Amino acid sequence: MALVLDGNRVRDQIKSELQPRIAALAAKGRRPGLAVLLVGHNPASEIYVRGKVKACQDLGIRSETLTPPATIPTDELLAMIAELNARPEVDGILVQLPLPPEVDSRRILGAVDPEKDVDGFHPCNVGRLVAGLPGPRPCTPAGILELLKRHGIPIAGRRAVVVGRSDIVGKPMALLLLHQHATVTICHSKTPDLPAVCREADILVAAIGRAAMLTADYLKPGATVIDVGMNRVDDREEASRVFRDMPEKLASFDQRGSVLVGDVDPRAMREIASAYTPVPGGVGPLTIAMLLANTVASAERRALLC
Ligand code: NDP
């Protein structure tokens, strides 16, 4: 039976480890603070931000959400970020992505003070990651590393394949695995014979955004499979194909009209992998946990400086 890598359990561990650190900061009058910039109306982003704000509240991290309209000129957004950079009670600044197409995302992300960049997207922090220097790491890949380590999955010396080369997941994931001494291959939409490359993976990370794309012939028997994908499927035929042996998922589809599907075929993962992350309940919970961890770490660093 494959081991299910339980993201909810690891999230709870991480949160309980943060509690005494937050209490120690609060005792010095330095309650950690996170500011979230949510530009325009994107229903998925609004749900993610609500989850982040609630997680902050649960843990005693102060949070505020700024919600300028999608039409805001880039200069005004830059001024908002400059103000957040200057405010001492703000330890972390998160710019919720994607930004509306008319906003210059690189300029915005580059304007966040690298010391308050809790997503690890600022070019300075990307450089720190590449060089293996301390700094905030992007939350989703950092969470995946925690999940692997806390389940005792060995990384050093193993073959890792990351499918997806985004700045948010794929590239930083590959670098984090490399720093843990895996032999890493990054794949993308132009990679020839993707199934053969994936079948070499002892650790396979799928960060693609295509429902159940990686089927049985992409998986090496006994591999550890990390499914980052979060794809909402609202076509019943597709849902019945993906969940052909999971009636409870189809019942949930019938109730809600859609269902969440990862990038890897769930049956193939269960039958071929030695360990895998479920969707939901695998990678997702860790993204928020690592955001909280990065915010607390930023508050601790800044408290030392004051
Ligand atoms: P992006 O769209 O930015 O990147 C997708 C990557 O997948 C690209 O590099 C793309 O290649 C590659 N790709 C697309 N199609 C194929 C294909 N047919 N074969 C091989 N590679 C392909 O997505 P993100 O990295 O932001 O997110 C990936 C998934 O992870 C999404 O489902 C997203 O919702 C989910 N996600 C989940 C999180 C969580 O907390 N669980 C957090 C962040 C993301 P190319 O570069 O050549 O176009």
Side-chain angles (χ1 to χ4, degrees), residues 5-8 10-11 14 36 42-52 54-55 94-99 101 105-106 109 118-121 126 129 137-148 161-177 184-201 204-215 217-219 225-234 238 242 258-266 269 276-294:
L5 302 173
D6 185 347
N8 288 321
V10 173
R11 173 204 55 202
I14 292 171
V36 180
N42 173 327
S45 293
E46 284 166 8
I47 292 171
Y48 295 145
V49 168
R50 270 204 298 278
K52 290 169 185 177
K54 162 125 191 8
L94 180 152
V95 179
Q96 183 64 38
L97 299 178
L99 286 165
S105 299
R106 279 186 193 270
L109 294 178
V118 282
D119 260 335
F121 295 158
V126 175
L129 168 60
R137 304 304 194 217
C139 300
T140 302
I144 292 170
L145 204 60
E146 285 295 322
L147 194 67
L148 292 170
V161 173
V162 179
V163 189
R165 56 174 162 180
S166 71
D167 294 337
I168 297 169
V169 189
K171 280 185 211 162
M173 183 77 256
L175 284 161
L176 288 175
L177 290 166
V184 184
T185 303
I186 308 179
C187 302
H188 45 77
S189 64
K190 307 288 186 295
T191 301
D193 201 356
L194 187 62
V197 182
C198 289
R199 278 198 307 272
E200 291 175 6
L204 178 65
V205 181
I208 309 165
R210 292 187 192 267
M213 187 187 116
L214 304 191
T215 47
D217 54 334
Y218 290 73
L219 307 185
V225 181
I226 305 294
D227 190 351
V228 187
M230 294 212 292
N231 311 289
R232 193 149 287 286
V233 167
D234 52 16
E238 193 181 358
V242 174
S258 70
V259 66
L260 204 58
V261 177
D263 289 340
V264 187
D265 181 83
M269 270 200 301
Y276 69 93
T277 56
V279 177
V283 174
L286 292 163
T287 299
I288 293 188
M290 297 317 290
L291 169 68
L292 302 172
N294 282 348

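All residue numbers refer to positions in the sequence shown, counting from 1. Whatever order the structure lists ligands and atoms in, that order sets their numbers, starting from 1. Here the structure is a predicted model, which means the values were calculated and not measured.
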Worksheet item: Considering only heavy atoms, which protein residues lie less than 4.0 Å from any atom of ligand 1?
Response: T140, V163, G164, R165, S166, V169, H188, S189, L194, A207, I208, G209, R210, M213, V228, G229, M230, N231, V283, G284, T287
Fill in: Contacts of type side chain to side chain contact (heavy atoms under 4.5 Å, CB included), residue M213, not counting sequence neighbours
L194, I208, R210, Y218
Discussion item. Taking side chain to side chain contact (heavy atoms under 4.5 Å, CB included) as the definition, give me every residue that meets it alongside V261, ordered by chain and number, with sequence neighbours left out.
Written reply: A211, A212, V233, V242, F243, V259
Item to complete: Evaluate the criterion side-chain contact (heavy atoms from CB on, under 4.5 Å) for residue pair L286 and I14; output intermediate values, then yes/no.
Response: CA-CA 9 Å; L286 292 163; I14 292 171; 4.0 Å; yes
Worksheet item: Can you tell me if D265 uses its side chain to pair, donor with acceptor, with the backbone of T215 under 3.5 Å?
Response: no
Worksheet entry | Pairwise side-chain contact, R199 with L219, heavy-atom cut-off 4.5 Å (strictly under) | no
Worksheet, complete the sentence: side-chain hydrogen bond (donor to acceptor under 3.5 Å, both in side chains) filter on D119, not counting sequence neighbours, yields none
